[in-house]
Amino acid sequence: MIMNMVQALNSALDVMLGKNSEVLVFGEDVGYFGGVFRVTDKLQKKHGRHRCFDTPISEGGIIATGIGMAAEGLRPVLEIQFADYILPAYDQLVSEAARLRYRSNGDFQAPITVRAPYGGGIFGGQTHSQSPEAIFAHVTGLKTVIPSSPYDAKGLLIASIECDDPIIFLEPKRLYNGPFEGYHDRPLKPWSGETESHVPEDYYSIPLGKAKVKKAGSEATVLAYGTMVHVALAGILESGVDAELIDLRSIVPLDVITIEESVKKTGRCLIVHEASKFSGFGAELSALITERCFYYLSAPTIRLAGWDVPYPHAFEWDYFPSPDRVAKSLKQLLED
Amino acid sequence: MCFPTYRQVGWLLARGYPLVKLINQIFNNNDDPLKGKQLPVLYSARDFGFYSLSGNVGTRFGHAVGWAMAKAYRNSDDIAIGFIGDGTTAEGSFHEALTFASVYKAPVILGITNNQWAISTFTGLATNQDTTFASKALSYGIPGLRVDGNDALAVYSVLEWAADRARHGHGATLIEFFTYRSGAHSTSDDPERYRPKDEASLWPLGDPIERLKQHLLANSEWSEERDDEIQKVLDKQVTESLKEAERIGVLGESKPDVREMFEGVFKEQDWRVKEQLKELGL
């Protein structure tokens with residue numbers, strides 16, 4: 001069936017609510033209304049008010065309640081309306097969800113899945129556009145998953161719900177309705193024309209920690225996740241460089257083997273993310289490449305990222321990594 | 001399930017948790033049930049209905065609500081009880097938990113141990129002095145009770161009432177247990193630096209164990225002889241348990257296998273931990 005990313009995520013939740021009575025879905029506006037991005041549309045009507053429900057506007061409360069339920073044995077899927085709003089719950093995620101299994105020596109665990117739309121390109125300004133993945137990647141005990149297509153979104157969300165560890169599931173909201181390639185001045189492209197919009201209606205899962213080689217190539221490796229997978233692909237095509245594009249799909253667990261194999265083969269690496277550069281996840285990727293592939297490198301690794309400024313509303317397209325910048329970085333990488 | 005603060009080790013003992021095991025945790029020795037991963041006295045004992053403690057105050061108050069909601073979802077008549085200290089009522093997590101407890105009528109008892117001191121801070125800094133902690137319940141639309149926390153029978157009856165209420169589907173109760181922290185906050189705290197030396201001796205509501213004893217003596221339910229006897233039995237039990245734990249080893253003399261450090265970050269070890277184990281030569 002052809003699905004956009006919203007429909008694929010909705011289908012994942014629908015399948016899991018139907019399959020496992022311990023799965024509950026809740027968050028702000030997710031019940032009766034079906035979510036501001038419609039990801040939980042009709043789930044309450046179908047599965048009932050005890051399975052899918054609205055919560056107070058209290059991110060800390062949502063996550064704390066979810067952890068208590070998860071410790072008891074349920075599988076809560078919690079929506080934070082925008083990743084930008086997750087910070088009041090950061091203490092719960094870091095001090096509790098991430099640490100509960102370790103500090104109790106396995107006595108209790110917190111298998112929560114926290115869904116949050118993240119990222120820019122939607123004219124949302126600072127508080128609806130940020131990419132906070134690095135602040136979760138640094139926390140031992142949390143896993144961070146970021147899909148880039150409807151097919152992956154459904155399979156990875158199901159795997160996340162079934163995982164016994166706490167998961168931050170970041171949904172690239174600019175990709176909800178189409179594979180945005182970064183050309184903001186061109187007409188919107190729907191998912192329907194893409195292979196990855198063919199999504200099975202039934203249950204399937206994609207293992208966490210397995211990157212996907214989105215495009216094979218020999219001259220350079222490009223690492224990306226979320227919206228940037230599509231921007232990077234457009235930039236590669238624009239550049240004419242025979243680059244290999246790897247969609248990480250989850251940054252924790254990280255598929256370091258696929259990265260290592262590709263960079264050793266190509267000898268050059270470009271890392272692309274929307275979040276600002278300094279101490280961004282690209283810094284970790286760059287360090288890993290230096291540690292593991294140094295003697296295979298023909299050029300210094302390049303990080304193409306958001307500028308080191310807060311997400312700037314009027315300057316969105318100056319901030320947002322574009323296919324042009326990807327192409328330029330690739331050419332530089334080959335010249336170095 | 002009980003969601004305690006670090007002042008509620010008594011619950012663990014009342015539920016029959018082995019004393020030696022408890023001391024092993026304090027010593028972080030080879031037999032520490034938490035395998036050296038947690039600060040002494042921050043126990044976890046699921047089989048005894050005792051939730052994992054943490055040094056972050058208040059962060060588990062909302063877990064009690066979530067646990068209670070999970071039990072209600074399963075149509076179980078199990079309930080949860082969560083505690084917080086007077087000082088921590090100023091944290092957002094206190095208000096978040098009360099909001100969720102009241103909105104969803106969670107079968108939970110939420111207790112505040114008001115021992116009047118948050119390290120060096122008196123209660124007037126946790127809330128306005130013209131109100132009580134119990135009265136905060138009113139704005140959430142749930143009952144708020146204030147009880148003499150040093151009166152064992154009053155504590156028992158108020159908890160029984162709240163538990164009954166929760167089990168009958170009437171929702172949460174907030175209870176303030178008014179008491180006094182006569183000792184120091186911790187072993188590294190010196191209360192004489194922030195309160196009068198004789199303050200503890202002037203506390204009028206007495207020691208809860210002594211008060212219960214006097215009550216039972218007055219009702220001829222107890223005798224000095226039995227009291228002496230149980231005191232001796234318990235002293236012996238504690239001393240023997242301590243010696244047994246010391247034989248396993250005290251802090252610094254004995255600790256779990258260092259491989260334990262890498263267990264339980266996730267359910268299964270990821271490549272980072274596996275590589276770091278090798279780096280340590282393990």
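Labels below follow one simple rule: chain letters A, B, ... track the order of the sequence lines, proteins then strands, and each chain is numbered from 1.
The CD atom of B:Glu275 lies 9.0 Å from the CD atom of A:Glu291; values are rounded to the nearest 0.5 Å. In this structure, OG on B:Ser54 lies 4.5 Å from CZ on A:Arg103, to the nearest 0.5 angstrom. Taking CH2 of B:Trp271 as the start and CD1 of A:Ile257 as the end, the distance is 9.0 Å to the nearest 0.5 Å. Separation of atoms CD1 (A:Ile67) and NE2 (B:His63) is listed at 4.0 Å; rounding is to 0.5 Å. Between the CE atom in B:Met1 and the CD atom in A:Glu72 there is a gap of 8.5 Å [rounded to 0.5 Å]. Going from atom CZ of A:Arg99 over to atom CD of B:Gln38 covers 11.0 Å, rounded to the nearest 0.5 Å.
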- Task: Could you go through the side-chain contact (heavy atoms from CB on, under 4.5 Å) check for B:Ser52 and A:Leu100 one step at a time?
- Result: CA-CA 7 Å; B:Ser52 161; A:Leu100 189 59; 3.8 Å; yes
- Step by step, work out the side-chain contact (heavy atoms from CB on, under 4.5 Å) result for B:Thr99 and A:Ser58. CA-CA 9 Å; B:Thr99 300; A:Ser58 171; 5.8 Å; no
- Report the C-alpha distance between B:Arg74 and A:Leu74 in whole Å, list the side-chain angles of each, state the deciding distance to 0.1 Å, and finish with yes or no for side-chain contact (heavy atoms from CB on, under 4.5 Å). CA-CA 10 Å; B:Arg74 293 185 196 274; A:Leu74 297 181; 3.3 Å; yes
- Task: Check the pair A:Ile62, B:Phe100 against side-chain contact (heavy atoms from CB on, under 4.5 Å), reporting the backbone distance first and the verdict last.
- Result: CA-CA 8 Å; A:Ile62 292 167; B:Phe100 277 72; 3.9 Å; yes
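A:Tyr102 places a side-chain heavy atom less than 4.5 Å from the side chain of B:Met261.
Among B:Arg272, B:Arg60, B:Glu268, B:Glu260, the residue with the largest count of heavy-atom pairs under 4.5 Å with chain A is B:Arg60. With chain A as partner, the option from B:Val265, B:Thr59, B:Asp47, B:Leu39 having the largest number of non-hydrogen pairs under 4.5 angstrom is B:Thr59. Contact tally against chain A (heavy-atom pairs below 4.5 Å) for B:Gly36, B:Ala45, B:Ser93, B:Ala64: the top residue is B:Ala45. Ranked by heavy-atom pairs shorter than 4.5 Å toward chain A, the options B:Asn56, B:Asp270, B:Asp78, B:Val65 are led by B:Asn56.
Between the side chain of A:Asp107 and the backbone N or O of B:Arg46, at least one donor-acceptor pair lies under 3.5 Å. Judged purely by atom type and a 3.5 angstrom limit, B:Tyr73 has no side-chain atom pairing as donor or acceptor with the backbone of A:Arg51.
No part of A:Leu208 comes within reach of chain B, as not one of its non-hydrogen atoms sits under 4.5 angstrom from that chain. Residue contact with chain A, scored on non-hydrogen atoms closer than 4.5 Å, is absent for B:Phe3. Contacts between B:Phe50 and chain A at a heavy-atom distance below 4.5 Å involve the backbone alone (N, CA, C, O). Contact annotation for B:Leu53: only backbone heavy atoms (N, CA, C, O) come within less than 4.5 Å of a heavy atom of chain A. Within the 4.5 angstrom heavy-atom criterion, atoms from both the backbone and the side chain of A:Leu254 approach chain B.
In terms of heavy atoms, B:Tyr104 sits closest to A:Asp54 at OH-O, 2.5 Å.
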